[in-house]
Amino acid sequence: MAVRYLEENRTFVLHTKHSTYQMKVSDYDYLLHLYYGERIEDKDLSYLIKPQDRGFSPNPNEAGNDRTFSLDVFPQEFSSDGCCDFRKSSIEVKNGDGSYAFMGKVIKHKIYKGKYALEGLPALFPVEGDTVDTLEIWLQDLVTKVTVVLCYSVFEEKDIITRAVKVINQGEKTMYLNRIMSVMIDYMESAFDFIHFDGRHAMERKLTRTPVSYGVQGIGSTRGASSHQHNPFVILCDHEANEDYGDCYGFSLVYSGNFRCEVEKDQFDQTRILFGINPKGFSYQLKPGEQFTAPEVVLAYSDKGFSKLSHLYHDVYRSNLCRSPYTKMLRPIVINSWEATYFDFDDEKLLNIAKESVDMGVELFVLDDGWFGKRDNDNSGLGDWKVNTNKLRYGLTDFVNRINQLGLRFGLWIEPEMVSEDSDLYRAHPDWCLSINGRPVTRGRNQLVLDLSRRDVCDYIINSINEVIESANIEYIKWDMNRNITEAWSYVTEPEKQGEIYHRYILGLYYILDHIVLTHPDVLFVGCAGGGGRFDPGMLYYHPQIWCSDNTDAVNRLDIQYGTSFVYPISCIESHVSVCPNHQTGRTVPIETRGVVAMDGILGYELDATKLTDEEKATCRSQVKEYLKYYSLIADGDYYRLTSPYDDTRYVAWQHVSKDKKESLVSFVLTDKEFNEPQIYLKVKGLQATTLYEIEGEKGLYSGKILMKAGIPVPVIGQYESVQYHLIAKEE
Ligand code: GLA
């Protein structure tokens, strides 16, 4: 069993293959956190706590005159609030008597085989061959009877621990849950860096690294989506940690809405990390007997730096997160119409693009925004999911048939969560959008957000979108979401429950996805929110891939895909070759390099194929061929970032290595050309040291050790040009 309870010293121990997590029930039944890190034996680590009389750190009543027992000092697993601990708390409640107090004591625990269930929320699931054990620790405030269930599932072989929290009001009065963090860990030290992934629309997930310092550092989203601005994934690591070295702890929240991560260094140089739903705008009413379920956090520990940490997440997210059968399938090569036509198209224009693309090796044509309702620009039409026959003259079914006749499969863009004021849907149901009665609405991209906290609105979306999907031979859906939530207020909800709307929106979204995505397993669903504005594990549960960014500039994409790769598998990152000068940055990059960068993900095209030269089309054709040759390396291999955009290098390089180390693809882009420049040696990673490898197309064999330690001399190439090396094991 990966979960053990050591009766003699009341200690809980969770073991994965390479990590250990330890907690202990202390005197007076509080739950202490003792250890998370490299796997160690079952030794009670409470010797690490040296109780002292600490000034201004209070002592719980049961401790009597013992001034050395303080929850403001001891490392805890789930902190109290309003009593004894002044650090940031796991929970904040407003009790029936108006008090703000919670002090959880362990009342029982359960250990069982398999994974805990989280109603209405996406979460990791075990697959064949996994050993998963679960621990539930029940804490209760003995005065109010508010009960918290801490849930841990241990994916032993995969080196992953998941944690989630349930709060049950077992008292007799209605209470309000104003804050609930899915995970809290207290480390008895503070020599950490805090790494997070920040950005903005079209420049997502840039890595930020800062030392943990006194006070509270935090990131999060209050936008109703996980957001372009911050990603729900963070790392705590040694100051010296790098790709290959150092202790690193990953925290990845399986949630698509408002989130908050806080790191606090306290007065005794200890570190607390908390991660969960953002408390801003959150207040959840729990009547007696009612329960709240907080989303899951996926924890991973690496003793060997970031590459290993990424491999742990990539492996588990590839096999245990996404429900779609496409996760394990070769994804089709798409051409998307957005950057080719924007809103300006008719069926003839689209069919011409589709026809030209066949020759490039494209397999699926995606019709993006503009095909429905009154939608000639982004000011109108959202909500009216009926084909616009001014553009597709013979309707959607006929158009799809004509695409199929070209030998292409068909995909369609939708944005189901939104409504335009200029739409039949809004005119019929003005109260179906999130807005505050009597207060002018705030617009974003000139559109409003539908109130997914309402079941009737969700059911309308389910019916209308399913009708579209079933009206034609649609095999791919791009599910977009193009504004953030403001005025999170619902017309049908009592005033005391309006603090639930942000979360209920996300529950509504997951309910809709359950009834559209999971009921169409044959359709490949692709996530999108103005590019990567909702690139999170919650959405990956439904979509095996997500449109990574609205920025298709290959050089900017190097940064964006670098940050994304820290936690999300490469097979989740949809990436397209678009035209140059690039529509976002105006930069010109050779089409070969655009292909190399797009191959660091799920390759596709987003351009007007009728405007390509024959030479460009031939390049695309060979790009597709190469990509298909390398697909399983890219989609299923181990990923190595060979450089960082934040290093002082003039190039960016990365590598995919097959699990058996017999094959590798190394990609290199020169980002900063200098005249008469020094020779660049590319030292690769992840090979078998003693195996001899061939560099395809070149003479000679080199051992893995030589390629890793001495490197490959890169030829002199021009600005933004690229090189790829295919390494093949020849002799053991
Ligand atoms: C968002 C998407 C784009 C495109 C447009 C259409 O911005 O990220 O790829 O689909 O919407 O309006």
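Keep in mind that what you see is a predicted model, and the values were worked out from it rather than measured. Scope of the values below: all heavy atoms of this structure, side chains included, with no hydrogens, waters or symmetry mates.
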**Message:** Looking at Asp315 and Lys158, is there a salt bridge between them, counting it only when a charged N and a carboxylate O are closer than 4.0 Å?
**Reply:** no

**Message:** Between Phe233 and Tyr313, is the ring centroid distance below 6.0 Å?
**Reply:** yes

**Complete:** Applying salt bridge (charged side-chain N to carboxylate O under 4.0 Å, His left out) to Lys265 and not counting sequence neighbours gives none

**Asked** Counting only heavy atoms not in Lys497, do more than 12 fall under 6.0 Å of its NZ?
**Response** yes

**Fill in**
Rounded to the nearest 0.5 angstrom, the CH2-CZ distance for Trp489 and Arg439 is 11.0 Å

**Prompt:** Does the pair Lys478/Glu574 count as a salt bridge with the N-to-O cut at 4.0 Å?
**Reply:** no

**Asked** Hey, are the side chains of Phe197 and Val567 touching, using non-hydrogen atoms and a 4.5 Å cut-off?
**Response** no

**Fill in**
Applying salt bridge (charged side-chain N to carboxylate O under 4.0 Å, His left out) to Glu264 and not counting sequence neighbours gives none

**Prompt:** Does the Asn551 side chain pair with the main chain of Met203, one donor and one acceptor, at a distance under 3.5 Å?
**Reply:** no

**Request:** Could you check Arg557, Glu339, Glu606 and say which one makes a side-chain contact (heavy atoms from CB on, under 4.5 Å) with His576?
**Result:** Glu606

**Asked** Between Tyr502 and Asn278, does any side-chain donor sit less than 3.5 Å from a side-chain acceptor?
**Response** no

**Request:** Please report the closest heavy-atom contact between Ser153 and Thr134, naming both atoms and the distance.
**Result:** OG-OG1, 2.6 Å

**Request:** Please report the C-alpha distance between Arg318 and Asp636 in whole Å, then the side-chain angles of each, then the deciding distance to 0.1 Å, and finally whether the salt bridge (Lys or Arg N to Asp or Glu O under 4.0 Å) criterion is met.
**Result:** CA-CA 8 Å; Arg318 280 189 289 222; Asp636 310 321; 5.3 Å; no

**Complete:** Across all chains, not counting sequence neighbours, the ring pair (Phe, Tyr, Trp, His ring centres under 6.0 Å) partners of Tyr21 are His33, Tyr36, Tyr152

**Request:** Taking only Lys NZ, Arg NE, NH1 and NH2, and the carboxylate oxygens of Asp or Glu, determine whether Arg179 and Glu262 approach each other closer than 4.0 Å.
**Result:** yes

**Within 45° cone of Phe125 ring axis and under 6.0 Å: Arg323 NZ or CZ** = yes

**Prompt:** Is a salt bridge present between Asp198 and Lys206, judged by a nitrogen-to-oxygen distance below 4.0 Å?
**Reply:** no

**Item:** Nearest-0.5 Å distance, CD1 of residue Ile506 to OG of residue Ser453
**Value:** 11.5 Å

**Request:** Please lay out, stage by stage, how Asp431 and Arg454 fare under the test salt bridge (Lys or Arg N to Asp or Glu O under 4.0 Å).
**Result:** CA-CA 11 Å; Asp431 61 331; Arg454 291 175 64 156; 3.4 Å; yes

**Prompt:** Regarding Asp514 and Tyr542, is there a side-chain donor-to-acceptor distance under 3.5 Å anywhere?
**Reply:** yes

**Message:** So that I know where these two stand, are Trp338 and Phe343 an aromatic pair - ring centroids less than 6.0 Å apart?
**Reply:** yes

**Prompt:** Tell me, do Tyr249 and Leu299 make a side-chain contact under 4.5 Å, heavy atoms counted?
**Reply:** no

**Message:** Check for me whether the distance between the ring centres of His656 and Tyr639 falls short of 6.0 Å.
**Reply:** yes

**Request:** For residues Asn320 and Phe155, determine if any side-chain heavy atom of one lies less than 4.5 Å from a side-chain heavy atom of the other.
**Result:** yes

**Request:** Compute the ring centroids of Trp432 and Tyr460, then answer whether they are less than 6.0 Å apart.
**Result:** yes

**Prompt:** Ion pair present between Lys115 and Asp130, side-chain N to carboxylate O less than 4.0 angstrom?
**Reply:** no

**Asked** With a 6.0 Å cut-off on ring centres, are Phe251 and His196 close enough?
**Response** no

**Prompt:** Looking at Phe566, is Arg641 sitting on its ring face, NZ or CZ under 6.0 Å from the six-membered ring centre and within 45 degrees of the normal?
**Reply:** yes

**Request:** Could you tell me the separation between the OG1 atom of Thr327 and the CG atom of Leu540, rounded to the nearest 0.5 Å?
**Result:** 9.5 Å

**Asked** Does a donor on one side chain and an acceptor on the other come within less than 3.5 Å for Thr210 and Gln217?
**Response** yes

